[in-house]
Amino acid sequence: VEATQSSGPFTDEIAGLRAVSAPSAELSTLSRLAEVGAPSRASLAASFPDYAAQAAAAARAPAGDAGLGDRIVYALSRVISVRRVGDVPGGSADALLAQAERLVDDGDLDRALRVLDRLPPTSREALGPWRARAERRAEIDRNAAALRARALQALITAAPASPRLAG
């Protein structure tokens, strides 16, 4: 489980676990994901602001029938990126990106990905490369946690009952 938290592949660790563990869906999934691994949560948090800026700009893209002024303002906004961060209420693209960024910084990728699902399609497309890496990390984390829980349950089940103390 510890090896899954690094940014690199963890095939050796999975091979060792497969040798001593019963087959499971989680182990099978982790075996598939171990070839490449996934970026760490810290790496994802560090790269999120750049992708969020691109997604915010994409959300402000003028419609096809927009006037010249709107197109100029949009072109300038792509050069100078201003995006609200922190606790931003509402459901605008900026608000959703700020909420997701806070969740990513807190390490809660599953919730951050659900928030990002509510973005407009153009913003979701701009986040595509980041999202693919984050989904991979979240999938590894979910399966590693399930394996850990299964192992702990097996230990509890296998442990001999402790004798009662006479009182």
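Quick note: numbers below take in every heavy atom, side chains included, and nothing from hydrogens, waters or symmetry partners. One is the number of the first residue; the rest follow in order along the sequence.
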Which atom pairs, donor and acceptor, lie under 3.5 Å between side-chain atoms of residues 7-16 and protein residues at least two apart or in another chain?
unit_1 : atom_1 : unit_2 : atom_2 : d
S7     : OG     : S40    : N      : 3.2

Item to check | Pair listing, salt bridge (charged side-chain N to carboxylate O under 4.0 Å, His left out) test, anchored in residues 20-32, at least two apart | outcome: E26-R150, R32-E139
Next on the checklist: Under the rule for side-chain hydrogen bond (donor to acceptor under 3.5 Å, both in side chains), what residues qualify as partners of Q153, not counting sequence neighbours?
Outcome noted: T157
Item to check | Which atom of E101 lies closest to which atom of P49, heavy atoms considered | outcome: OE2-CG, 3.4 Å
Next on the checklist: Looking at every non-hydrogen atom in both residues, tell me the closest pair between P129 and A126 and how far apart they are.
Outcome noted: CD-O, 3.9 Å
Next on the checklist: Using side-chain heavy atoms (C-beta onward) and a distance below 4.5 Å, is R133 in contact with S47?
Outcome noted: yes
Checklist outcome for this item: Nearest heavy-atom contact between V104 and A45 is CG1-CA, 3.5 Å
Checklist entry - Taking side chain as C-beta onward, heavy atoms only, is L96 less than 4.5 Å from Q99? => result yes
Item to check | With sequence neighbours excluded, residues passing side-chain hydrogen bond (donor to acceptor under 3.5 Å, both in side chains) with R41 | outcome: Q5, D141
Checklist entry - Are L30 and L109 co-members of a hydrophobic cluster defined by side-chain heavy atoms under 4.5 Å apart? => result no
Item to check | Contacts of type side-chain hydrogen bond (donor to acceptor under 3.5 Å, both in side chains), residue T29, not counting sequence neighbours | outcome: none
Item to check | For D110, salt bridge (charged side-chain N to carboxylate O under 4.0 Å, His left out) partners two or more places apart | outcome: R142
Next on the checklist: Among residues at least two apart in sequence or on other chains, which ones pass side chain to side chain contact (heavy atoms under 4.5 Å, CB included) with A38?
Outcome noted: R136, R137, I140
Item to check | Taking every non-hydrogen atom, the tightest pair across P39 and L44 | outcome: CG-CD2, 3.8 Å
Considering only distance and modelled atom types, tabulate donor-acceptor pairs under 3.5 Å from the side chains of residues 112-119, sequence neighbours left out.
unit_1 : atom_1 : unit_2 : atom_2 : d
D117   : OD1    : R131   : NH1    : 3.2
D117   : OD1    : R131   : NH2    : 2.6

Checklist entry - Between the main-chain N or O of L27 and the side-chain N or O of S31, is there a donor-acceptor pair closer than 3.5 Å? => result yes
Checklist entry - Can you check whether F48 reaches L127 side chain to side chain, under 4.5 Å on heavy atoms? => result yes
Next on the checklist: Tell me the closest heavy-atom pair linking A144 and T4, and the distance in Å.
Outcome noted: CB-OG1, 3.7 Å
Checklist entry - How would you list, by chain and number, every residue that makes a salt bridge (charged side-chain N to carboxylate O under 4.0 Å, His left out) with D108, sequence neighbours excluded? => result R111
Checklist entry - What do you reckon, is CD of E125 surrounded by more than 12 foreign heavy atoms closer than 6.0 Å? => result no
Checklist entry - At their closest point, which heavy atom of A52 faces which heavy atom of L97, and how far apart are they? => result O-CD1, 3.5 Å
